[in-house]
Amino acid sequence: MLVINCEMNQLTENESMEYVNRSFDKNISRRTYFYSD
């Protein structure tokens, strides 16, 4: 859901990673960010 929010708000990749990391209160990798099930 966080990634969808980033896409809807047209955040850049860096902005999106920062947003997700702050939301989880821990760092995720770029690979995890782009992983789709």
Side-chain angles (χ1 to χ4, degrees):
M1 189 65 159
L2 291 173
V3 174
I4 292 171
N5 286 341
C6 293
E7 290 178 3
M8 288 176 44
N9 290 303
Q10 299 178 338
L11 299 179
T12 65
E13 181 181 326
N14 288 337
E15 291 170 332
S16 297
M17 291 291 293
E18 187 177 317
Y19 171 73
V20 172
N21 287 335
R22 275 188 280 135
S23 297
F24 278 137
D25 199 27
K26 67 178 191 176
N27 291 334
I28 64 166
S29 68
R30 184 174 185 267
R31 184 170 153 194
T32 300
Y33 176 80
F34 284 103
Y35 176 78
S36 62
D37 204 340

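From a predicted model like this one, the values you see are computed outputs, not experimental measurements. Numbering starts at 1 and runs along the sequence shown. Below, all heavy atoms of this structure are taken into account, side chains as well, without hydrogens, waters or symmetry copies.
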Practice problem: Taking side-chain hydrogen bond (donor to acceptor under 3.5 Å, both in side chains) as the test, write out the residues that go with R31, two or more places apart. | Solution: none

Self-check item: Those residues that, when tested against E15, pass salt bridge (Lys or Arg N to Asp or Glu O under 4.0 Å) (two or more places apart)
Solution: none

Practice problem: State the CZ-OG distance between F34 and S16, to the nearest 0.5 angstrom. | Solution: 7.5 Å

Quiz item: Does anything in residues 18-27 pair up under salt bridge (charged side-chain N to carboxylate O under 4.0 Å, His left out), and if so which pairs, sequence neighbours excluded?
Solution: E18-R22

Quiz item: Can you list the residues that meet the side-chain hydrogen bond (donor to acceptor under 3.5 Å, both in side chains) rule with Y19, with sequence neighbours excluded?
Solution: none

Quiz item: Taking all atoms of both residues into account, what is the closest heavy-atom pair of L2 and V20, and its distance?
Solution: CB-CG2, 4.1 Å

Quiz item: So how far is it from E7 CD to N9 CG, rounded to the nearest 0.5 Å?
Solution: 10.5 Å

